[in-house]
Novice: 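The structure's right below; bear with me while I get my questions together.
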Amino acid sequence: MKGKGKCLCGSVELEVEYASSELAACHCSMCRNWSGGPMLAIDCADSVKISDETSVVRYPSSEWAERGFCGKCGTHLFYYLKPNNQYHLPVGLLSSEDTYKLTHQIFIDEKSDYYDFENETQNMTGPEVFAHFDGGE
């Protein structure tokens, strides 16, 4: 499946391909601080094409990841997992006819109590997420 998106000011346009329409919610403190709530993201692996990388600011939020945003309007563009060359895009950024389904939540142990999602999902705590990536699962 393919999708397209652009930042608020239109300086950065993205084209992506993704293998499924499954969404993840990340409740880690960094995602909540970055966006004001959980990040609802779709895995786009390494298939992201960025039209104007000069307008993209990459913030190294950890040793293993970067967060990208438009340097002109501030739109959140991606979470990039460096070791896997893997992009996760906020699903609201993509304009698509596809129907998405929230299937899993990560850093569930950091989720704030003031919100909940209705549907059943696979849930992983922070330590489970790190063990998953460390173990190559």
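Keep in mind the model is a prediction, meaning the values are calculated, not measured. FYI, the numbering just counts along the sequence from 1. Worth knowing before you read on, the calculation uses all heavy atoms, side chains too, and leaves out hydrogens, waters and symmetry mates.
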Novice: If Ile, Leu, Val, Met, Phe, Trp and Tyr residues are connected whenever their side-chain heavy atoms lie under 4.5 Å apart, and connections chain through other members, are Val12 and Phe69 in the same group?
Specialist: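 Val12 and Phe69: separate clusters.
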
Novice: Dump the intermediate steps for side-chain contact (heavy atoms from CB on, under 4.5 Å) on Lys111 and Tyr115, then the final yes or no.
Specialist: CA-CA 8 Å; Lys111 185 184 88 54; Tyr115 66 88; 3.4 Å; yes

Novice: Does Met124 reach the side chain of His132, with side-chain heavy atoms less than 4.5 Å apart?
Specialist: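 A side-chain contact under 4.5 Å exists here.
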
Novice: For the side chain to side chain contact (heavy atoms under 4.5 Å, CB included) test, which of Leu77, Leu94, Val56 pairs with Leu14?
Specialist: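 Of all the options given, the one that passes is Leu77.
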
Novice: Quick one: do Leu81 and Trp64 satisfy side-chain contact (heavy atoms from CB on, under 4.5 Å)? Show the steps, please.
Specialist: CA-CA 6 Å; Leu81 193 57; Trp64 61 87; 3.5 Å; yes

Novice: Taking Glu17's backbone N and O only, do any of them form a donor-acceptor pair with Ser47's side chain (distance below 3.5 Å, no angle check)?
Specialist: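 Pair found, side chain donor or acceptor close to backbone of Glu17.
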
Novice: Sequence neighbours excluded and cut-off under 3.5 Å, please list the side-chain donor-acceptor pairs for residues 30-45, or say none.
Specialist:
{"from": "Arg32", "atom 1": "NE", "to": "His27", "atom 2": "O", "distance (Å)": "2.9"}
{"from": "Arg32", "atom 1": "NE", "to": "Glu110", "atom 2": "O", "distance (Å)": "3.4"}
{"from": "Arg32", "atom 1": "NH1", "to": "Ser112", "atom 2": "OG", "distance (Å)": "3.2"}
{"from": "Arg32", "atom 1": "NH2", "to": "Glu110", "atom 2": "O", "distance (Å)": "3.1"}
{"from": "Ser35", "atom 1": "OG", "to": "Cys31", "atom 2": "O", "distance (Å)": "2.9"}
{"from": "Ser35", "atom 1": "OG", "to": "Gly37", "atom 2": "O", "distance (Å)": "2.7"}
{"from": "Asp43", "atom 1": "OD1", "to": "Ala45", "atom 2": "N", "distance (Å)": "2.8"}
{"from": "Asp43", "atom 1": "OD1", "to": "Gln86", "atom 2": "NE2", "distance (Å)": "3.4"}
{"from": "Asp43", "atom 1": "OD2", "to": "Gln86", "atom 2": "NE2", "distance (Å)": "2.8"}

Novice: So if you build clusters from Ile, Leu, Val, Met, Phe, Trp, Tyr with side-chain heavy-atom gaps below 4.5 Å, do Val129 and Ile108 land together?
Specialist: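 In one cluster: no.
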
Novice: Side-chain heavy atoms under 4.5 angstrom apart, residues restricted to Ile, Leu, Val, Met, Phe, Trp, Tyr: same cluster for Met1 and Val48?
Specialist: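 Yes, it is one cluster - the side chains of Met1 and Val48 are joined through contacts under 4.5 Å.
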
Novice: Yes or no on side-chain contact (heavy atoms from CB on, under 4.5 Å) for Tyr87 and Leu89, after CA distance, side-chain angles and deciding distance?
Specialist: CA-CA 6 Å; Tyr87 286 87; Leu89 273 64; 3.9 Å; yes

Novice: Atom NZ of Lys72 and atom CG of Leu8: how far apart are they, to the nearest 0.5 Å?
Specialist: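 Answer rounded to 0.5 Å: 13.5 Å.
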
Novice: Kindly compute the distance separating CZ (Phe107) from CG (Asn123), expressed to the nearest 0.5 Å.
Specialist: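 The distance works out to 13.0 Å.
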
Novice: Using atom types as modelled and distance alone, determine if a side-chain donor or acceptor of Thr125 lies under 3.5 Å from a backbone N or O of Asp109.
Specialist: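 Between the backbone of Asp109 and the side chain of Thr125 there is no qualifying donor-acceptor contact (under 3.5 Å).
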
Novice: Would you please test Ser11 and Cys73 for side-chain contact (heavy atoms from CB on, under 4.5 Å) and show each step?
Specialist: CA-CA 9 Å; Ser11 294; Cys73 67; over 6 Å; no

Novice: Any salt bridge (Lys or Arg N to Asp or Glu O under 4.0 Å) involving residues 45-62? Give me the pairs, sequence neighbours left out, ordered by first then second residue.
Specialist: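 Of all non-adjacent pairs touching residues 45-62, those that pass salt bridge (Lys or Arg N to Asp or Glu O under 4.0 Å) are Glu53-Arg58, Arg58-Glu66.
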
Novice: At their closest point, which heavy atom of Ser61 faces which heavy atom of Arg67, and how far apart are they?
Specialist: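 Closest approach of Ser61 to Arg67: OG-NE, 3.2 Å.
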
Novice: Compute both the distance and the angle, then confirm whether Lys82 meets the cation-pi test with Tyr80: under 6.0 Å from the six-membered ring centre, within 45 degrees of the axis.
Specialist: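 Because its charged atom misses either the 6.0 Å distance or the 45° angle limit, Lys82 does not stack over Tyr80.
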
Novice: Return the OG1 to CD distance between Thr121 and Gln105, rounded to the nearest 0.5 Å.
Specialist: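 Spacing of OG1 (Thr121) from CD (Gln105) equals 3.5 Å.
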
Novice: How long is the gap from CD on Glu13 to OG on Ser55, to the nearest 0.5 Å?
Specialist: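 Between Glu13 CD and Ser55 OG, I get 11.0 Å after rounding to 0.5 Å.
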
Novice: Can you pull out every ring-ring contact (aromatic ring centres under 6.0 Å, His included) where at least one residue sits in residues 36-62? Sequence neighbours excluded, please.
Specialist: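 For residues 36-62, and leaving out neighbouring residues, there are no ring-ring contact (aromatic ring centres under 6.0 Å, His included) pairs at all.
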
Novice: Please round to the nearest 0.5 Å and tell me the distance separating atom NZ of Lys2 and atom CD of Glu15.
Specialist: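 Going from the NZ atom of Lys2 to the CD atom of Glu15 covers 8.0 Å.
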
Novice: For the CG atom of Asn119 and the OG1 atom of Thr103, what is their distance to the nearest 0.5 Å?
Specialist: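 Asn119 atom CG to Thr103 atom OG1 measures 9.0 Å (nearest 0.5 Å).
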
Novice: Is Ser21 reaching over with its side chain to a backbone N or O of Tyr100, donor-acceptor style, under 3.5 angstrom?
Specialist: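 Between the backbone of Tyr100 and the side chain of Ser21 there is no qualifying donor-acceptor contact (under 3.5 Å).
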
Novice: Grab the two heavy atoms, one from Phe117 and one from Ala25, that are nearest each other, plus how far apart they are.
Specialist: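 Residues Phe117 and Ala25, closest heavy atoms: CE1-CB, 3.9 Å.
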
